[in-house]
Protein chains: 2
Amino acid sequence: MATKEQIKDSAFYCFAHYGYEGTTMQDIASAVGLKKQSLYAHFGSKEELYRAVMKEQYRQIALELYDAYINLKEKPVEELLKGLFMKYAEIFSDRRRLLLWKRAAIHLGSGDTKHLSSDAWPVEYSFMEELHKTIREPHPTLEDPAVFQTFIASYQLMIQGYLEWMLVKGHDNEIWKAVWTSFWRGAMSCLCAN
Amino acid sequence: MATKEQIKDSAFYCFAHYGYEGTTMQDIASAVGLKKQSLYAHFGSKEELYRAVMKEQYRQIALELYDAYINLKEKPVEELLKGLFMKYAEIFSDRRRLLLWKRAAIHLGSGDTKHLSSDAWPVEYSFMEELHKTIREPHPTLEDPAVFQTFIASYQLMIQGYLEWMLVKGHDNEIWKAVWTSFWRGAMSCLCAN
DNA sequence: GTCTATAGAGGGATAGAC
DNA sequence: GTCTATCCCTCTATAGAC
């Protein structure tokens, strides 16, 4: 692996585990086996390195999600949403990604201006518009924007809740399945009741 | 307000918004109108101040939750769980608490040994055992430990998911209600199906 | 592209006057 | 209990030899 990639990889680990302020150039360099000053031959500053890591990760995550979506979009909505939920669990079984993701959410919510994850959230949802259309079609109840919004909110919320669970207790197939089943039945009964 | 309380209050804000490493004694002192050195007359170190803030917050949150539980425990399970969920939303409508809570979850999940929120999670769940018994009684299906575990997991997960939602988009009564309805119907239909 | 040396700033913390 | 002065350390970043 090229040195620049090794640095990014090490930085990925450190930023995820210790946060931006909690990580020093020293930490990153040590893991690669370099002096910290040498990092500046590859990245102009700590912040530039951080942004490079974030950008790559978000791009990668968005790609993997979109890829899953493409493979699932012809299937019934239940299978599609279940498959995407599974993809989330798969993607974030990488602890570094999970930590980075959760930290980014805090940056978004804290009004912390400094090293915002400005490019972050939008990227993930680049195909969301398309996904929404796919879901709405076979379910006329979802034509109502208010109903649709709460449906999607419940879905996203379940996913974020499960990621929180993974963060503290790790992935658990039984729990995953139970959560999905409960969500889907609840969502369906709400749709039919409206 | 006594100076010591003012310091804790300012520290609460800073630690929540900027994190432990991102906060300096300078920041905290400025907000109170003191020089940073004066803080050491009240707290031996930055870490001690941090622990004081965390301890107080967790104690307070646990108290408020327990209080809500006491007021609700005679009611039907649906009302009890819904009331507790509402209490969570209420407690964490304080942005500082929400941020601190989310940061603590990351500390728990990152293996970051330094300033662990060691006293954190257990405190909240000090009355959980009791709550669990209260829920189990009227629902014989829940006697099965596996069923019960997934039921509680779904519940906690929904709450954590909603807190994540609040972090990014703020509290929304419509969403809150929809999420609860969906959860409860899903949970019920799962219980009846088993 | 990696090293040594070093600048320059800011952090946590202590000592001692008032 | 708050201040000024100060210590010591670590951090980011630059300069320049190899």
Side-chain angles (χ1 to χ4, degrees), chain A residues 1-56 99-100 103 106-107 110 112-118, chain B residues 1-56 99-100 103-104 106-107 110-118:
Chain A
M1 188 158 47
T3 308
K4 189 161 183 170
E5 291 307 309
Q6 277 182 285
I7 293 171
K8 272 208 289 198
D9 199 61
S10 167
F12 180 21
Y13 180 89
C14 291
F15 286 137
H17 279 78
Y18 308 114
Y20 182 81
E21 280 91 359
T23 297
T24 71
M25 296 299 263
Q26 184 75 265
D27 295 332
I28 298 167
S30 299
V32 188
L34 287 176
K35 298 295 170 187
K36 59 179 175 175
Q37 294 92 331
S38 303
L39 301 183
Y40 291 90
H42 301 274
F43 297 93
S45 68
K46 183 183 176 183
E47 187 169 333
E48 191 184 312
L49 174 51
Y50 177 75
R51 287 189 185 281
V53 168
M54 294 301 272
K55 197 173 169 183
E56 183 174 309
L99 286 164
L100 223 51
R103 288 189 192 277
I106 288 180
H107 287 149
S110 68
D112 179 351
T113 53
K114 296 170 205 167
H115 5 273
L116 205 71
S117 44
S118 47
Chain B
M1 190 158 45
T3 308
K4 188 159 182 172
E5 290 308 307
Q6 277 183 284
I7 293 170
K8 271 208 289 199
D9 199 61
S10 167
F12 180 21
Y13 180 90
C14 292
F15 286 138
H17 279 79
Y18 308 115
Y20 182 80
E21 280 92 357
T23 297
T24 71
M25 295 300 264
Q26 185 75 264
D27 295 332
I28 297 167
S30 299
V32 187
L34 287 176
K35 298 296 172 186
K36 61 174 178 175
Q37 294 90 332
S38 304
L39 302 183
Y40 291 90
H42 301 274
F43 298 92
S45 68
K46 183 184 176 184
E47 188 168 333
E48 191 186 312
L49 174 52
Y50 178 75
R51 288 190 185 280
V53 169
M54 294 301 272
K55 194 173 170 183
E56 183 175 310
L99 286 164
L100 222 51
R103 287 189 192 278
I106 288 180
H107 287 150
S110 69
D112 180 350
T113 52
K114 296 171 205 166
H115 6 274
L116 204 72
S117 43
S118 46

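Every chain is numbered from 1, with letters handed out A, B, ... down the list of sequences.
- Across all their heavy atoms, A:Phe43 and A:Glu48 have their closest contact at CA-OE2, 4.0 Å.
- B:His17 contributes atom NE2, which lies 10.5 Å from atom CG of B:Leu100 (distance to the nearest 0.5 angstrom).
- The side chain of A:Met25 lies closest to D:dT12 when the candidates are D:dT12, C:dG11, D:dC3.
- Atoms CG and NZ, from B:Asp9 and B:Lys4 in turn, are 14.5 Å apart once rounded to the nearest 0.5 Å.
- Along DNA chain C, the nucleotide closest to B:Ser45 and the one closest to A:Ser38 are compared, and the more 5′ of them pairs with A:Ser38.
- The CG-C1' distance, from A:Asp27 to D:dT10, rounds to 11 Å in whole Å.
- The closest donor-acceptor contact from the side chain of A:Ser10 to the backbone of A:Gln6 lies at 3.5 Å or more, if one exists at all.
- One interatomic measurement links the two molecules: CD of A:Glu21 to P of C:dG10, which rounds to 15 Å at whole-angstrom precision.
- Counting to the nearest Å, the P atom of D:dC7 and the CD atom of B:Gln37 are 14 Å from each other.
- When the nucleotides C:dA13, D:dC3, C:dA5 are ranked by their closest atom to the side chain of B:Leu34, D:dC3 comes out on top.
- Atom-to-atom distance recorded for A:Ile7:CD1 and A:Met25:CE is 8.5 Å, nearest 0.5 angstrom.
- One atom, NZ of A:Lys36, and another, C1' of D:dT14, lie 12 Å apart when rounded to the nearest Å.
- The distance from atom NZ of B:Lys35 to atom P of C:dG10 is 15 Å, rounded to the nearest whole Å.
- The side chain of A:His42 has C:dT2 as its nearest neighbour among C:dC3, C:dA13, C:dT2.
- Nearest heavy atoms, A:Lys46 versus A:Thr23: NZ-O, 2.7 Å.
- Proximity note for B:Tyr40 (side chain, C-beta onward) versus C:dG12, D:dT4, D:dT14: the nearest is C:dG12.
- Taken to the nearest 0.5 Å, the OH atom of B:Tyr18 stands 14.5 Å off from the CD1 atom of A:Ile106.
- In this structure, CD of B:Glu48 is placed 15 Å from P of C:dG12, rounded to the nearest angstrom.
- When the C1' atom of C:dT2 is taken as reference, atom CD of A:Gln26 falls 15 Å away, rounded to whole Å.
- With C:dG11, C:dG1, D:dC11 as the choices, the nucleotide that has an atom nearest any side-chain atom of A:Thr24 turns out to be D:dC11.
- Listed pair A:Lys46 / D:dT12 meets the phosphate criterion, a side-chain N or O lying under 4.0 Å from OP1 or OP2.
- At whole-Å resolution of the value, CD in B:Glu47 and C1' in C:dG11 are 15 Å apart.
- DNA chain C lies under 4.0 Å from no heavy atom of any residue of residues 3-12 of chain B.
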